[in-house]
Each structure stands twice: as C-alpha cells, then as structure tokens.
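Chain letters run A, B, ... following the sequence lines, proteins first and then strands; every chain starts at 1.
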Amino acid sequence: MALRRKKQRNFRTKNAVPTYLYLIILSIIIIYPVLITVSSAFQTSDVTSFLLRFSTNWTLDNFGRLFRETLYGTWYKNTIIIAFWTTVIQTFVITLAGYVYSRFKFVGKKGSLIFFLIIQMVPTMAALTAFYVMANLLNALDQYWFLTVLYIGGGIPMSTWLMKGYFDTVPYDLDESAKLDGAGNFRIFWQIVLPLVKPMIAVQALKSFMGPFGDYLMSKFLLRNDVHYTVAVGLQTFISDPKSQEVVLFAAGSILIAVPICILFFYLQKYFVKGLVSGGTKG
Amino acid sequence: MKKKKGLAPYLSIIPGLGQFYNGQIAKGIVFLALFIIMVVELALFGVSSLISLVTLGTVPFQDNSLFLMIKGTMQLIITVVFVMFYVMNIVDASHTAKKVERGEKIPISWGEFMHSIGDSGFPYLLSTPAYLLMLFTIVFPALVTLFMAFTNYGFLNNPPAHLLKWVGFKNFFSMFMLSGYKQTFLTVFGWTIVWTLCATTLQIFLGIMTAVVLNQDYIKFKRIFGVIFLLPWAIPSFISIMSFSNIFNDSAGAMNVQVLGLLNHIPGVSIPPIAWLTDPMWTKVAIILIQGWLGFPYVYVLVTGILQSIPNELYEAATMDGATVLQKFNHITFPMILAVASPFFVTQYTFNFNNFSMIYLFNNGGPGDVGGGAGGTDILISWIYKLTTGSAPQYSIAAALTLLISVIIISISLIVFKKTKAFDLEG
C-alpha cells in the first residue's frame with residue numbers, strides 16, 4: 001500500500017511539470033489575442049496594426065471618438081431596443097409554451113415541437129430574399145419590429161425545449177394538490193409553478209437578450225441604412241474597408257460590447273453548465 | 001328531444017352548425033364567425049394567391065412572380081391553419097355529440113364556454129403564440145426555399161421584367177452535371193467536409209484534453225484556469241473572429257509580427273512571414289486553428305461535468321489491478337465521455353458544417369476564386385450567401401444547395417437524436 005502511494009506521488013511530481021506547462025501555454029494562447037484587442041482600444045488613432053503593446057501613452061480618446069465621430073452610440077441604442085423587445089416577447093412566449101409541453105397532453109404534442117426543431121435546421125440564407133420581399137410588402141425594411149419578430153421566432157423551438165425541461169423539475173404533486181383545492185389552470189400556473197422556475201426564466205431572458213448582439217447575418221441584410229445598424233454590423237464597417245481601417249475604434253467598440261456580455265455570461269455560467277450536464281447525463 | 005346519432009359531425013361541414021345541434025350556442029357562434037372570416041379571406045385574397053403560386057403570373061412587369069410566390073407561400077400556410085381548424089371543428093362536434101349521448105355535462109352558456117377554454121383549451125391557448133411565430137419565422141422561409149429551388153430565379157431571369165417558371169429538378173441537375181457548377185460544387189463541398197472534420201475534431205480534442213488535465217485533484221488555481229478557459233465562449237464570437245482577422249493580417253498583424261518574430265528568436269528557427277489572408281491554404285489553416293480556440297470551451301465544460309460524475313471507485317479498482325494512467329483513460333474515461341457526450345459532439349459537427357460567421361467574417365470566404373462566385377475558403381453555406389447577395393445572384397441554385405445541406409444535416413441529426421432518445425417527449 002505504502003509502495004503504491006509512493007508510486008502515485010512519484011507519478012504526480014513527474015506529471016505536474018507537463019500538466020502545468022500545458023495549462024499555462026493554453027492560457028497564454030487564450031489571453032494573448034484578447035489582450036491585443038483590449039490594449040488596442042487604448043492606443044492613439046495613428047495605430048493601424050493589431051499588436052500587443054505595452055507603451056505608456058494609453059488614452060481613452062477612442063471611446064470618446066466612438067460616440068462623437070461615429071454612429072456607434074446609435075447602433076448600441078438600436079441593438080438594445082431590439083434585444084429588449086426580443087427578450088420580453090420571447091420569454092413570455094416560451095414560458096407559456098414550455099409549461100404546456102411539460103404539463104399537458106394535447107393533440108400534436110409529440111410531433112409539433114420536433115417538427116419545428118427539424119425545420120429550423122434548414123438554413124435561412126436562401127430565404128433571405130423572401131424575408132426581404134416580405135419586409136418590402138409590409139413596408140418593414142429598416143424597421144426593428146420585423147427583425148425582432150425574426151429573432152423571437154428563430155429561438156423558440158430550442159428555448160421552449162429547455163423551458164419544458166425546467167418545468168419538468170417542478171413536482172407534479174404541487175399541481176395535483178392545488179387542483180384538489182379547486183385552483184384553476186391559470187392560478188396553478190401563475191401562483192404555484194411559475195414562482196418555482198423564476199431563476200430559469202431569468203436565465204432564458206438573459207440568453208435571448210444576448211442573441212441580437214451576436215447576430216450579423218439578418219441585421220446586415222434587413223437593415224440598409226447605417227443609422228439603423230446594430231452593433232455587429234456597425235463594428236464591421238470599421239475594419240471592412242482595407243484602405244481605411246480603424247482598428248483602434250473597432251477594438252474600443254468591441255470592448256463595450258464584450259465586457260457586459262462576458263459579465264452576464266460568467267454570472268449565468270453555472271446555469272449554462274448545469275443545464276448542459278444534466279441534459280447530457282440524462283440522455 | 002330525441003337527437004339523431006352521429007348527425008353533428010356531418011352538420012359541422014359548415015362549422016358551428018354541429019355545435020348548435022349539440023346545444024352549444026356560444027361555441028357555435030364563435031365557430032361560425034371564424035368560418036365566415038376564413039371564407040371571406042379565401043374568396044378575396046386566398047384563392048387567387050394560391051392560383052398565382054401555381055402559375056407564377058402571366059404578364060411580365062404586371063405580375064411580379066417573386067411577390068406572387070411569396071404571397072402564395074404565406075397563403076398556403078394560412079390555408080393549412082384553416083384546414084386544421086376545420087378538422088378540429090368536426091372532431092369537436094363528434095366528441096361532444098358522444099358526450100351528450102352518454103349524458104355527460106357539456107359547456108352550454110357563454111360563461112361555461114369561456115371556462116372550458118381555460119380548462120381543456122388551456123394548452124392550445126398558451127402555445128398558440130409560439131406556433132404562430134414559428135410558422136412565420138421558421139416554416140415560411142423553409143417553404144420559400146423549397147419552392148425557389150424548383151424555379152429559374154436568378155439575375156438573368158429577374159422579376160418583374162421576367163416571369164419565373166417552374167423548372168422541376170433542373171437546378172439540381174446543373175449542380176451535379178453542368179461543368180462550371182459541378183466543378184465549384186465539388187471543390188466547395190470537399191473543403192466543407194475537410195473543414196468540418198478538422199475544426200470540430202480539433203475543438204473536441206482540445207476540450208477533452210483540457211478537461212482531463214484540469215480535473216486532476218492536485219492542481220492549484222483551478223478556478224483561475226477555469227475562468228480563462230471559458231473566455232472564448234463568453235466573448236461574442238463575431239468580435240473574436242473580426243479581431244483574429246486583424247491579428248492574422250499579412251503585413252501588420254500580431255501573428256506575423258509578434259508571434260513569428262518571437263519564434264524566430266529561437267536559434268535555428270527562421271520562419272518568413274506567412275500569407276495568412278492571401279494564400280487560401282494558410283487561411284484554411286488559420287480558420288481551423290481559430291475554430292479550435294473558439295469551440296473548445298464548450299466541450300471542456302461538458303466533459304468536466306461528465307468526469308465529475310464518474311465514480312471514483314472505478315479508478316480505484318483499476319489502480320488495484322495495476323492499470324496505467326493511459327489504460328485508465330482508454331478503458332474508463334474515454335468510453336464514459338463518448339457515451340454521454342457523443343450527441344453533443346455530433347451537434348458540434350453539424351454546427352461547423354454551417355458555420356457561416358467563421359468563414360465569412362474572417363476573410364470573406366476568400367482569398368481566391370474557385371468559380372461560381374465562391375472564394376477559396378468558402379464552405380457551402382457561405383457560398384449560398386454569396387449566391388444570394390452577390391452582384392450576379394443565382395437564387396434558385398442557392399435554394400437547391402440549401403435543400404441539399406438541409407437533407408444532410410437533418411438526416412444526421414435525426415439518426416443521432418433517435419439513437420439517444422433525446423426527443424422522447426414522454427421521458
């Protein structure tokens with residue numbers, strides 16, 4: 001026994017060096033590009049290359065320029081408006097639908113959600129034209145509501161699926177006893193089950209809020225006027241033209257998006273991970 | 001009053017009448033009203049829209065085939081909803097009639113009718129908004145793509161100056177037979193497969209490796225490493241990709257200037273600047289590496305969860321039997337990971353198969369040109385995007401390609417989901 005333990009310890013010391021070497025090298029590979037973007041955001045505007053710099057003349061000027069000289073502030077506001085409505089409506093819709101899928105038997109229950117999950121895998125690229133024409137017919141080109149509806153609908157199958165899973169974790173006995181006490185469907189839903197899944201509703205809400213910040217494709221195609229851009233489309237204009245790249249502005253603009261999103265992500269991380277793993281070990 | 005058996009469903013050929021016959025005046029009025037609205041809609045717009053979907057218009061400039069097709073598709077969806085209501089109405093009349101026969105109580109008055117909506121109609125009421133939104137945002141584009149793939153819609157045949165025509169499987173034939181498209185298709189498809197396999201396998205390999213390494217119990221600063229390894233997942237990917245596109249800039253990017261500069265300090269190493277963005281081969285290398293960077297945290301998190309659920313006794317027993325570390329990994333750890341995570345891994349493969357933003361935002365699918373408007377690093381999905389949005393759009397070819405991709409992705413996913421019972425709704 002003692003021998004085995006000694007062997008194990010030997011193995012550990014031998015193993016520790018490559019282990020830590022691997023972890024440190026991987027950490028550098030991850031941090032290095034992130035630091036480049038962060039440090040570029042504080043460089044003077046004559047900097048045109050994307051390098052990690054340790055120079056001392058750091059400046060906050062780029063952040064001021066973003067709001068003074070570019071439409072960045074407008075883009076940010078646009079994105080928040082779209083994200084806000086996406087969050088409110090999508091959360092409402094998927095909470096209702098998830099509850100129904102968890103608690104009721106009804107015609108088409110088994111097939112319908114799977115049907116939508118499958119149809120959703122058809123890429124929308126080729127149908128962009130269809131959305132464009134629809135937007136034209138409805139006079140909705142450059143209008144946020146149209147884009148918002150697309151964001152809401154696209155996320156429904158997967159989010160409903162997840163919400164159903166959360167509702168499943170609330171014991172059915174609660175519903176049953178409430179029903180015996182004479183509570184109607186609405187009361188059971190509103191007063192008994194809903195309060196118990198509040199944390200998960202918050203997670204879903206924040207997830208749907210983050211969605212429009214990350215989308216490039218739809219907004220690029222349906223928002224034609226630069227005052228209507230979202231941040232993803234707007235940021236790209238800083239670096240898309242090789243002759244007039246504004247890498248420092250791009251970096252500064254990126255930070256203002258990435259920092260809040262990262263904070264949200266790390267705040268919610270344990271829920272993401274929990275959902276992922278429980279879903280995984282269940283199957 | 002003696003009622004005739006089974007008459008109600010026949011009366012419901014005109015919705016509402018069967019309900020009246022059953023004595024449900026309130027429900028009957030609502031059904032009849034809905035029916036009238038539907039008939040009016042069909043008479044005023046519906047029927048002509050559906051006919052136009054078949055003919056796609058007859059007079060150039062006056063009839064815009066594209067608009068007709070899109071309106072027709074919308075109408076088709078609306079009509080299906082009508083038909084579903086119609087069927088439901090007949091089923092309802094028949095069910096209620098049976099209840100009456102058995103002497104059960106049925107909702108009669110307005111109050112009772114409203115109550116029954118909150119009761120047996122509750123699931124339908126709550127899921128309707130979700131269904132309507134999904135019909136418009138998911139089913140509608142998929143149907144339009146399906147229809148478009150069988151027309152001759154392209155920049156040479158563009159409404160309203162030209163009418164669109166149904167051309168059967170012609171687009172699919174040109175994809176596989178026509179020399180120009182066939183060559184491009186094979187090149188792009190080949191690279192799509194290589195890209196999917198390499199990038200995804202890299203991210204899975206890195207993820208598993210990192211999880212296994214970090215999960216050893218003697219490691220210090222686990223939390224710090226954990227946070228660092230989550231960063232690529234936390235940062236919005238379009239920002240990372242655009243940043244990498246700057247970092248890999250041929251002349252001024254950090255990759256050539258700093259990283260290679262540093263490596264060249266090592267005695268005996270001398271690497272000339274690499275044409276990351278101007279040589280297709282190097283762009284391919286770059287995007288595979290970057291995807292590994294972007295995608296491994298997800299796998300790492302998943303695998304960490306699985307590792308922590310493997311009972312320690314297994315390893316202890318193996319140690320007793322004198323198993324080496326490698327043997328333990330091969331016979332315990334790896335099979336456990338695969339058993340739980342393989343459906344997630346497959347989703348990663350299908351995700352990368354359609355990973356538009358990586359290809360498009362890094363280098364626009366370029367450099368170079370492999371014909372048919374596709375760049376040297378374009379995968380099918382970004383080629384489709386270019387076919388739809390480029391200066392000489394080929395919409396119907398793009399739609400046909402989309403269908404092809406969809407068939408591939410959906411069949412793979414279905415096999416996996418079926419195997420893992422992920423969609424077992426009763427579970």
Distance check, rounded to the nearest 0.5 Å: [X] atom [atom1] versus [Y] atom [atom2]?
X        : Y        : atom1 : atom2 : result
B/Ile70  : A/Phe131 : CD1   : CZ    : 10.0 Å
B/Trp233 : A/Phe265 : CH2   : CZ    : 4.5 Å
A/Met125 : B/Ile405 : CE    : CD1   : 8.5 Å
B/Thr389 : A/Leu128 : OG1   : CG    : 8.0 Å

Which one of [options] has the most heavy-atom pairs closer than 4.5 Å to chain A?
options                      : value
B/Ile384, B/Leu206, B/Leu146 : B/Ile384
B/Leu387, B/Thr210, B/Asn64  : B/Thr210
B/Val144, B/Thr145, B/Thr402 : B/Thr402

Any donor-acceptor N/O pair, [X] side chain to [Y] backbone, under 3.5 Å:
X        : Y        : answer
B/Gln258 : A/Leu52  : yes
A/Tyr20  : B/Lys220 : yes
B/Trp293 : A/Ile29  : yes

Checking A/Phe50 against chain B: side chain, backbone, both or neither under 4.5 Å from a heavy atom?
->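 A/Phe50 touches chain B through backbone and side-chain heavy atoms alike.
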Part of A/Ile36 lying under 4.5 Å from any heavy atom of chain B |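 Only the side chain of A/Ile36 comes within 4.5 Å of chain B.
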Evaluation steps, ring pair (Phe, Tyr, Trp, His ring centres under 6.0 Å), between B/Phe122 and A/Phe186 = CA-CA 8 Å; B/Phe122 192 70; A/Phe186 280 106; 4.9 Å; yes
Using distance alone, with no hydrogens and no angle criterion, decide if A/Thr129 and B/Tyr153 have a side-chain donor and acceptor under 3.5 Å apart.
->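 Not at all, the side chains of A/Thr129 and B/Tyr153 share no donor-acceptor pair under 3.5 Å.
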Output field: ring centroids B/Phe356/A/Tyr216 closer than 6.0 Å =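 No - the distance between ring centres of B/Phe356 and A/Tyr216 does not fall below the 6.0 Å cut-off.
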